[in-house]
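The next block holds one structure in the form of structure tokens; read it before the comments.
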2 protein chains.
Amino acid sequence: MEYPQLKLDNQICHRLYMASNRIIRDYREPLIKLDLTYPQYIVMMALWEKDGITIAELLEKTSIDGGAMTQILKKMTDKSLLSIVKDEDDKRRKVIKLEPHGDELRHQAASIPDKIKCSFSQMTDQEAQQLIELLDKVNQES
Amino acid sequence: MEYPQLKLDNQICHRLYMASNRIIRDYREPLIKLDLTYPQYIVMMALWEKDGITIAELLEKTSIDGGAMTQILKKMTDKSLLSIVKDEDDKRRKVIKLEPHGDELRHQAASIPDKIKCSFSQMTDQEAQQLIELLDKVNQES
DNA sequence: TGAATATACTTTGTATGCAAATTAATTTTG
DNA sequence: CAAAATTAATTTGCATACAAAGTATATTCA
């Protein structure tokens with residue numbers, strides 16, 4: 001082959017792309033019951049960890065695109081999961097607050113991580129830990 | 001914390017999601033010069049490896065969504081990268097053929113993998129190999 | 001052989017991801 | 001202090017990812 005570096009099988013990136021798409025697809029079924037998409041679920045996890053943060057903090061924690069976040073938060077507001085409050089100290093900012101429905105959803109969500117584990121069933125716990133560490137290196141700013 | 005399994009930091013999936021998005025974003029700059037998006041680049045790599053395959057084979061090789069593939073191939077046809085030919089043996093099928101422009105693009109693409117390596121600069125070659133193997137396990141059907 | 005299935009692909013509608021432009025408010029500077 | 005620069009969000013336009021429905025062609029099977 002003229003350019004072996006162009007073989008799909010040699011691309012880490014293509015594997016990342018497939019793996020990410022696959023896992024998000026696997027989340028669909030458990031999340032549909034909570035009426036959440038995967039990015040919305042990420043937002044919920046961030047808020048369950050720390051409620052009342054600004055949109056900027058939410059973007060930082062989730063790595064979701066800013067333009068997308070506006071739309072996502074709008075939809076989540078429509079579903080009474082959260083509310084968007086203007087920050088009186090700095091009127092550029094908006095603070096996100098969990099609504100009761102959003103707060104309680106965590107109990108139903110608690111079983112999701114276990115359901116997803118079958119996506120990693122080919123992997124030992126040690127390998128999963130290794131994968132986490134390697135992905136952290138990819139995610140490091142360089 | 002009430003449900004530690006819901007912590008974002010504990011999610012392999014979130015790391016995969018971030019890593020995949022990041023790498024695709026890194027590809028944007030080199031690919032924009034070839035007037036290709038990342039999925040379009042994947043299609044090109046598949047065709048550079050084996051020209052004249054059906055759409056079904058292309059879907060299999062690339063893991064791109066079928067519905068998206070129709071649109072992607074349409075755009076690539078408009079850019080004279082390839083042509084879509086009806087298979088006379090089985091009229092349900094369509095065969096994808098590289099056009100001269102698409103074929104020649106491989107020479108310009110040959111330098112891209114090296115440019116992307118900086119995305120993995122925190123990682124040794126051995127770690128990259130390890131990552132590939134772990135991702136292959138995630139991508140295995142279970 | 002004709003109806004039921006299955007296969008290959010397309011279409012549609014919703015939800016992002018991303019870059020770039022825009023708006024509003026705050027901070028920095030000259 | 002006022003203009004310039006910066007920051008926080010939103011908006012816009014394009015390109016997927018995905019599920020589900022639809023279309024056309026082939027195959028299977030009663």
Side-chain angles (χ1 to χ4, degrees), chain A residues 13-14 16-29 31-43 53-79 81 84-96, chain B residues 14 16-29 31-44 53-79 81 84-96:
Chain A
C13 321
H14 187 227
L16 271 171
Y17 164 85
M18 290 190 293
S20 174
N21 285 341
R22 189 215 157 151
I23 299 300
I24 291 177
R25 209 159 42 237
D26 287 350
Y27 267 101
R28 247 187 130 86
E29 189 193 325
L31 286 181
I32 199 84
K33 294 170 188 162
L34 309 195
D35 190 26
L36 289 177
T37 64
Y38 183 70
Q40 288 169 15
Y41 175 59
I42 294 181
V43 168
I53 59 182
T54 63
I55 293 182
E57 287 176 89
L58 205 47
L59 291 174
E60 160 72 21
K61 277 193 121 175
T62 61
S63 290
I64 290 173
D65 170 67
M69 185 64 90
T70 300
Q71 312 305 319
I72 290 172
L73 291 175
K74 192 173 296 172
K75 281 163 199 152
M76 294 177 79
T77 302
D78 293 343
K79 291 193 274 195
L81 292 167
I84 305 173
V85 187
K86 270 184 197 138
D87 183 335
E88 285 307 316
D89 293 339
D90 184 337
K91 289 180 180 168
R92 291 170 304 180
R93 291 186 184 147
K94 293 182 177 173
V95 171
I96 308 303
Chain B
H14 187 226
L16 270 172
Y17 164 87
M18 289 190 294
S20 174
N21 285 342
R22 189 214 157 154
I23 299 299
I24 291 177
R25 209 160 41 238
D26 287 351
Y27 266 101
R28 248 185 128 87
E29 188 193 325
L31 285 181
I32 200 85
K33 293 172 190 163
L34 310 196
D35 189 27
L36 289 177
T37 64
Y38 184 70
Q40 289 169 13
Y41 175 59
I42 294 181
V43 167
M44 291 309 296
I53 61 182
T54 64
I55 293 181
E57 288 177 88
L58 205 47
L59 291 174
E60 159 72 23
K61 277 193 119 173
T62 61
S63 290
I64 291 174
D65 170 67
M69 185 63 88
T70 299
Q71 312 305 321
I72 291 172
L73 291 176
K74 194 174 295 173
K75 280 164 199 152
M76 294 177 81
T77 302
D78 293 343
K79 291 192 273 195
L81 291 167
I84 305 172
V85 187
K86 270 185 198 138
D87 183 336
E88 284 307 316
D89 293 339
D90 184 338
K91 288 180 179 169
R92 290 171 305 182
R93 289 185 185 149
K94 295 181 177 173
V95 171
I96 309 302

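- In this structure, A:Met76 atom CE and C:dA15 atom P are separated by 13 Å, rounded to whole Å.
- You'll find the side chain of B:Leu16 reaches within 4.5 Å of the side chain of A:Leu16, heavy atoms only.
- The CD-C1' distance, from B:Glu60 to C:dA8, rounds to 14 Å in whole Å.
- Between the NE2 atom of B:His14 and the P atom of C:dT16 there is a distance of 14 Å, given to the nearest Å.
- Rounded to whole Å, atom C1' of C:dC18 lies 17 Å from atom CE of B:Met18.
- Per the geometry, CG belonging to A:Leu36 stands 12 Å off P belonging to C:dA15, to the nearest Å.
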Next on the checklist: Checking B:Tyr17 against A:Ile64 for the side chain to side chain contact (heavy atoms under 4.5 Å, CB included) test, could you report, in this order, the C-alpha distance in whole Å, the side-chain angles of both residues, the deciding distance, and whether it holds?
Outcome noted: CA-CA 10 Å; B:Tyr17 164 87; A:Ile64 290 173; 3.4 Å; yes

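- At the phosphate of C:dG17, OP1 or OP2 sits under 4.0 Å from a side-chain N or O atom of B:Tyr17.
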Checklist entry - Could you run down nucleotides 8-15 of chain D 5' to 3' and tag each one B, S or - for protein heavy-atom contact under 4.0 Å? => result SSBB---S

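- A:Ile24 comes within 4.0 angstrom of nothing in the nucleic acid, heavy atoms only.
- A close approach under 4.0 Å does not occur between any side-chain nitrogen or oxygen of A:Tyr38 and OP1 or OP2 of C:dA15.
- Between B:Met44 and B:Gln40, the closest side-chain pair of non-hydrogen atoms is not below 4.5 Å.
- Rounded to whole Å, the distance from CD1 on B:Ile64 to P on C:dC9 is 14 Å.
- Under the rule for a side-chain contact (heavy atoms from CB on, under 4.5 Å), the partners of A:Arg25 that lie at least two apart in sequence or sit in another chain are A:Asn21, A:Arg22.
- When rounded to the nearest whole Å, the span between CZ of B:Arg25 and C1' of D:dT16 equals 15 Å.
- Contact of the A:Val43 side chain with the A:Met69 side chain is registered, since non-hydrogen atoms from C-beta on lie closer than 4.5 Å.
- Residue pairs that meet the side chain to side chain donor-acceptor pair (under 3.5 Å) test with at least one member in residues 54-71 of chain A, sequence neighbours left out, are A:Glu49-A:Lys61, A:Thr54-A:Glu57.
- Within 6.0 Å of atom NZ in A:Lys79, more than 12 heavy atoms from other residues, nucleotides or ligands are found, so the atom counts as buried in its surroundings.
- In this structure, B:Arg22 places its CZ atom 12 Å from P of C:dC18, rounding to the nearest Å.
- At a threshold of 4.0 angstrom between heavy atoms, the contacts of B:Tyr27 with the nucleic acid are absent.
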